[in-house]
Amino acid sequence: MAISFFFFLLLCSFKNSYGFLPETATVEIMDLPRTHSLQTTSLLPSTVCKSSPKGMKERSSIPIVNKLGPCWGLSQDKENLVPSHAEVLRQDKARADSIHSMLSSNFLEKTSLQDKPGISIGTGKYQVGIGFGQSNTKLSLVFDTASQLTWTQCQPCSGYCYDQKDPIFNPLKSSSYASIRCPSVTCNQISSEGMQKGCSSSSTCIYGVTYTYTTFSVGFLARETISLTSSDVFRGFLFGCGQRNRFPNGRNAAGVLGLGRGWFSIVSQTSKKYHKVFSYCLPSSDESAGYLKFGDRNLPSSIKFTPMSKSFEGTNYYGLDIVDIGVGGERLSIDRSVFSTSGTVIDSASLITRLPPAAYSRVRRSFVAKMTNYPTAPAFENLGTCYDFSGNSTVVMPTITLYFDGGVEMPIDARGILYINKISQACLAFAKNNEDDDVMIVGNFQQKGYEVVYDDANGRVGFAAGSCS
Ligand SMILES: *[C@@H]1O[C@H](CO)[C@@H](O)[C@H](O)[C@H]1NC(C)=O
């Protein structure tokens, strides 16, 4: 940064005195650094937990915990609780596949409504603690911009609950808990939003959310007081009090926080106060904490907004429009129809960004051409472009930039380009979609270091670089 600023000053004085440098020269040097240079060891995951990032000073933000990182202490836990990189990538692929099938046009013809699976939870890597009930019991929830109903496991677990690290919420001990009766307008809304609805013999409204055949929650629809922060408390929040829950490898999570666009989402339920605006920052290094914030106050001044895509109106997804991708400081000038055919969603719980096949091959070709100084390594799961850095103390790699509609450039953080299985197998962290019309997914690996702002009232998504580290 200091170096490019120095170049800029140099060019300015140069231009002023001689006046022959083309305007674009300054722009390129300022805005499009060509490479990232990193110590090879800094690519490896850290084992120490650092102090809180910048955004955490504000009392109104909720810490985001990386359940796979050192701040959680998972590594000290039983070995089988730490998923391998291969397992993480497989869980992530399951999420991408489920988003693709959910959004594919012939999905409804292929599947009957009865056995309609939902969106896989994915890796469950990023979680936030939300207070439930008057006792303000803190429960760790996976935060998910592609699902809407917030649920947690509830006693007495009349069906079954999975093993959970947090204490299981007990509604009997909370006087602010109230279940929803049926039939009722609120209960009917469950089926309107595409979830399974039922009514118990005692006229209590029942919901069912299915993520995959092995991950689901069924229980009572109820209202409860929730505390996002000590000053942000909501009474009568509609949530799922799960009585029959399955979440393989979900021991760290007490449930899901639904940040999607649907009627039940926390964003919709708190819209009077926060006007459908929330933002989060996922740290670029695993040892730092990120934050989740609600409302449009205290947004970074450097934020740049791109319009939300109209193609996803009325769905639970936040769509946006990609217009191009840059590698090594050069725009690839990919045909816009490649992106408009697929459409693009941004997702908090997907890891790896999924590109349309034509865009992937262009990015890959350009990346490979700039990495010829490094020996290649075998493919890892669905990541096909890998390198062996065991003989190199520093790694110089090309920058990658996403270009969004509205002139928004998003240079991806240096830690968001390579997925490191081990130093001898570091892979380009982008995957190829199977079909041209599979939706492009901007995953959280590429969102690191940015405060990402979702503003559904004004139909826009914003990015502010360097908000947490
Ligand atoms: C990286 O290490 C390999 C193996 O020692 C070597 O062949 C290659 O030239 C090195 N690349 C750079 C850019 O230093």
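Whatever order the structure lists them in is the order used to number ligands and atoms, beginning at 1. Position 1 is the first residue of the sequence; numbering continues from there.
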Within the 4.0 Å heavy-atom sphere of ligand 1, strictly under, residues: Asn373, Tyr374, Pro375, Gly391, Asn392

side-chain hydrogen bond (donor to acceptor under 3.5 Å, both in side chains) involving Tyr211 - partner list, sequence neighbours excluded: Trp151

Pair Phe430 + Phe367: ring centers closer than 6.0 Å: no

Pairing of Arg354 and Asp347 as salt bridge, 4.0 angstrom limit: no

Side chain to side chain, Phe389 and Tyr374, heavy atoms closer than 4.5 Å: yes

Aromatic centroids of Phe445 and Tyr419 separated by under 6.0 Å: yes

NZ/NE/NH1/NH2 to OD/OE distance under 4.0 Å, Asp413 and Lys448: no

